Amino acid sequence: MPVELFAQPKAGSRPVYCIGESEGDSAGLSDRARAWMMATDYKAKAGAVLLVPDADGDVESAIIALGAEPEDALYAGELGKALPEGDWHFESMPDHADLGTLGAVLGGYAFTAYGKKPSRRIGLACPAGTDRDEIKRIAQGCALARDLINTPTNDMGPEALERVVRQLGEKYGAAVQVITGDALLDRNFPMIHAVGRASAEAPRLLDLTWGEEDAPKVTLVGKGVCFDTGGLDIKPAASMLLMKKDMGGAANVIGFASMIMAAKLPVRLRVLIPAVENSISANAFRPSDILPSRKGITVEIGNTDAEGRLVLADALALADEEEPQMLIDMATLTGAARVALGPELPPFFTDDEALAADLADASARTADPLWRLPLYAPYAERLSSKVADTNNVTTDGFAGAITAALFLQKFVERTESWAHFDIYGWTRFAKPWAPVGGEAMGIRAIDRVLRQRFGANG
């Protein structure tokens with residue numbers, strides 16, 4: 001990360017003054033900073049950064065305006081872009097100092113794997129009362145998710161995704177098992193196999209486990225469609241331009257898993273990622289095919305571009321067999337979710353009222369937007385098939401995010417608490433804390449819920 005956090009200010013570090021958005025708010029500023037703010041007619045709007053020169057014209061300090069709400073603190077992300085290279089510390093910090101510091105780190109993120117935008121080094125000391133290790137843990141998990149989504153498919157296909165999970169397992173001492181190619185049929189994962197068999201890279205199911213066997217079971221399932229052509233129901237060319245992000249669910253789950261393991265949360269963590277490429281070849285699955293599933297439910301294919309729910313269904317069925325206390329799945333699943341709520345507000349679905357309330361509260365406290373949509377049971381009839389137990393799509397196209405969630409719900413019966421997150425996984429318009437590109441969505445809020453429910457201190 002271009003912004004490196006320190007627990008204490010380093011010798012010679014320069015101050016950052018955080019002020020409110022009210023006109024003329026200059027409390028705590030140095031005389032020079034106050035005079036420069038007045039001389040430049042600085043407007044104290046959230047995220048506005050003012051660099052204050054010294055007598056020689058070098059930058060002496062910086063001013064940033066932040067609002068009073070949790071989401072306003074993330075506007076400190078502008079610091080990650082605006083501060084000159086060197087060491088800095090917060091001379092003053094308003095409410096939500098932890099979110100402000102996290103915002104500064106996230107705002108300094110840049111995807112540099114292919115030589116663009118070489119990063120500069122910024123050292124930033126955490127404000128008093130904040131936990132540097134906690135902020136780093138969250139920031140690194142978010143950066144990992146961003147990196148994975150931003151990596152193009154020629155370097156992030158199913159094989160590469162497997163390597164990422166194996167490396168994560170090695171880092172935290174987790175066990176990793178992988179079922180690849182025709183072995184998926186032998187082990188009863190027919191829908192994962194069907195979706196991925198047309199690719200040059202064999203489909204696979206990635207399975208990571210970590211933690212004590214007798215600890216509460218938390219299972220994460222992530223959609224790992226490394227590229228989605230739409231299959232034989234091929235997408236238009238313009239719709240394929242962002243399809244490297246169709247493994248955004250897997251990327252978020254991997255980033256989240258790293259956060260859980262870094263926190264040493266006392267849970268039995270399992271991560272399941274069906275890693276495939278929905279390609280076109282002579283052996284591609286077809287519209288009107290009827291696929292068996294691990295659950296025993298037969299699925300008529302109404303559209304090969306609704307492949308994510310198929311691979312998720314087999315993985316969810318496996319997860320459900322273990323009866324975890326909590327089962328979370330994340331997927332870049334439907335355009336309908338974006339039509340309903342836009343790209344920045346991911347919907348989630350659950351029939352657990354307590355979990356829904358906890359997620360809503362955590363979303364507000366972490367400034368990590370989430371919104372609950374209903375599992376409206378009557379809509380399940382629209383997935384009916386005349387020849388199979390269910391279709392993978394409806395014929396009318398209405399309520400697509402809800403019917404996709406209802407399809408997945410068919411494969412979860414034994415789990416104590418389940419939630420499905422239909423994320424976009426991408427920032428379309430830059431924010432102070434998020435450049436255009438791959439994005440971690442929802443995992444900061446879910447992390448708070450898990451730490452409240454399963455943390456060592458409850």
Side-chain angles (χ1 to χ4, degrees), residues 158 179-199 201-205 221 223-235 246 249 272-321 329 331 333-336 375 377-414 420 422:
I179 304 170
T180 306
D182 290 344
L184 289 165
L185 297 175
D186 299 334
R187 299 284 293 276
N188 194 23
F189 298 101
M191 292 203 295
I192 297 175
H193 183 272
V195 171
R197 70 193 183 203
S199 173
E201 292 190 19
R204 62 205 66 206
L205 177 63
V221 178
K223 174 187 169 184
V225 178
C226 295
F227 195 86
D228 181 19
T229 64
L232 292 174
D233 288 310
I234 191 168
K235 294 177 182 289
D246 211 25
L272 295 170
I273 296 173
V276 302
E277 183 178 356
N278 188 20
S279 241
I280 298 174
S281 184
N283 65 340
F285 77 118
R286 297 160 288 258
S288 80
D289 280 357
I290 298 175
L291 302 181
S293 69
R294 181 176 185 83
K295 187 76 173 175
I297 297 171
T298 56
V299 181
E300 181 183 8
I301 303 304
N303 193 308
T304 63
D305 196 19
E307 83 300 330
R309 66 197 68 185
L310 302 176
V311 299
L312 283 174
D314 269 355
L316 285 171
L318 173 63
D320 192 54
E321 291 165 12
D329 81 74
L333 204 62
T334 67
L375 287 163
Y379 285 168
E381 295 179 2
R382 299 181 183 181
L383 290 164
S384 63
S385 167
K386 295 180 179 179
V387 291
D389 294 324
T390 186
N391 203 299
N392 72 327
V393 294
T394 64
T395 57
D396 58 20
F398 291 128
I402 295 175
T403 54
L406 290 168
F407 177 89
L408 296 177
Q409 191 180 33
K410 298 174 185 287
F411 298 85
V412 180
E413 290 183 329
R414 304 175 186 175
H420 159 60
D422 191 338

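Residue numbers count from 1 along this sequence. Just so we're clear, the structure is a prediction, and the values are computed from it rather than from any experiment.
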Q: Can you name the closest pair of heavy atoms from A202 and P158 and give their distance?
A: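 Scanning both residues, the minimum pair turns out to be O-CB, 3.9 Å.
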Q: Taking all atoms of both residues into account, what is the closest heavy-atom pair of T334 and A404, and its distance?
A: CG2-CB, 3.7 Å
Q: I need the minimum non-hydrogen distance between A306 and N392, along with the two atoms involved.
A: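 Closest heavy-atom pair between A306 and N392: O-ND2, 3.2 Å.
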Q: Is the count of non-hydrogen atoms from other residues, nucleotides or ligands lying under 6.0 Å from R187 atom CZ greater than 12?
A: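 Atom CZ in R187 is not packed in, count stays at 12 or less.
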Q: Could you give the distance from CZ (R197) to CD1 (I192), rounded to the nearest 0.5 Å?
A: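 The distance works out to 13.5 Å.
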Q: Just wondering, do I301 and S288 contact through their side chains at under 4.5 Å, heavy atoms?
A: no
Q: Taking only residues two or more places apart in sequence, or in another chain, which ones meet R294 in a side-chain hydrogen bond (donor to acceptor under 3.5 Å, both in side chains)?
A: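 side-chain hydrogen bond (donor to acceptor under 3.5 Å, both in side chains) list for R294, sorted by chain: E321.
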Q: Looking at I290 and A388, what are the two nearest heavy atoms and their distance?
A: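 Result for this residue pair: CG2-CB, 3.9 Å.
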Q: So do the side chains of P203 and V195 get within less than 4.5 Å of each other, counting heavy atoms only?
A: no
Q: Any side-chain heavy-atom pair from M191 and V311 closer than 4.5 angstrom?
A: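 Side chain of M191 against side chain of V311, heavy atoms only: no contact under 4.5 Å found.
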Q: Taking all heavy atoms of P292 and all of P190, pick out the closest pair and write down the distance.
A: O-CG, 3.2 Å
Q: Could you measure the distance from the CG atom of L310 to the NE2 atom of H193? Nearest 0.5 Å is fine.
A: 14.0 Å
Q: Is the backbone of L232 close enough, under 3.5 Å, to the side chain of T304 for a donor and an acceptor to pair up by distance?
A: yes
Q: Nearest 0.5 Å, please: how far is CD1 in I402 from CG in D422?
A: 11.0 Å
Q: Which pairs, with at least one residue in residues 387-407 and sequence neighbours excluded, count as a ring-ring contact (aromatic ring centres under 6.0 Å, His included)?
A: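 Checked against ring-ring contact (aromatic ring centres under 6.0 Å, His included) - neighbours excluded - the pairs reaching residues 387-407 are F407-F411.
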Q: Identify the two heavy atoms, one from S281 and one from A198, that lie closest to each other, and give their separation to 0.1 Å.
A: CB-O, 3.6 Å
Q: Sort and list the pairs that fulfil salt bridge (charged side-chain N to carboxylate O under 4.0 Å, His left out) and have at least one residue in residues 307-318, not counting sequence neighbours.
A: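 Sorted result for residues 307-318: K223-E307.
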Q: About how many Å separate CG of N303 and CG of N391, when rounded to the nearest 0.5 Å?
A: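 Nearest 0.5 Å value for the CG-CG distance: 9.5 Å.
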Q: Given V221, which of L318, D320, L312, L408 fulfils the side-chain contact (heavy atoms from CB on, under 4.5 Å) condition?
A: L312
Q: Using atom types as modelled and distance alone, determine if a side-chain donor or acceptor of S385 lies under 3.5 Å from a backbone N or O of E300.
A: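 Not at all, since once roles are kept as given, no pair shorter than 3.5 Å links the two residues.
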Q: Would you check if the side chain of D246 reaches a backbone N or O of D228 as a donor-acceptor pair within less than 3.5 Å?
A: no
Q: Going by distance alone, is a donor N or O of one side chain under 3.5 Å from an acceptor N or O of the other, for N278 and T229?
A: no
Q: Measuring from atom OG of S384 to atom CZ of R382, what distance do you get when rounded to the nearest 0.5 angstrom?
A: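 Taking OG in S384 and CZ in R382, the distance rounds to 10.5 Å.
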Q: Run K410 and T390 through side-chain contact (heavy atoms from CB on, under 4.5 Å) and show every step you take.
A: CA-CA 10 Å; K410 298 174 185 287; T390 186; 3.5 Å; yes
Q: What's the spacing between Q409 CD and T403 OG1 if we round to 0.5 Å?
A: 12.5 Å
Q: Under 3.5 Å, side chain of T298 to main-chain N/O of D389, donor-acceptor pair present?
A: yes
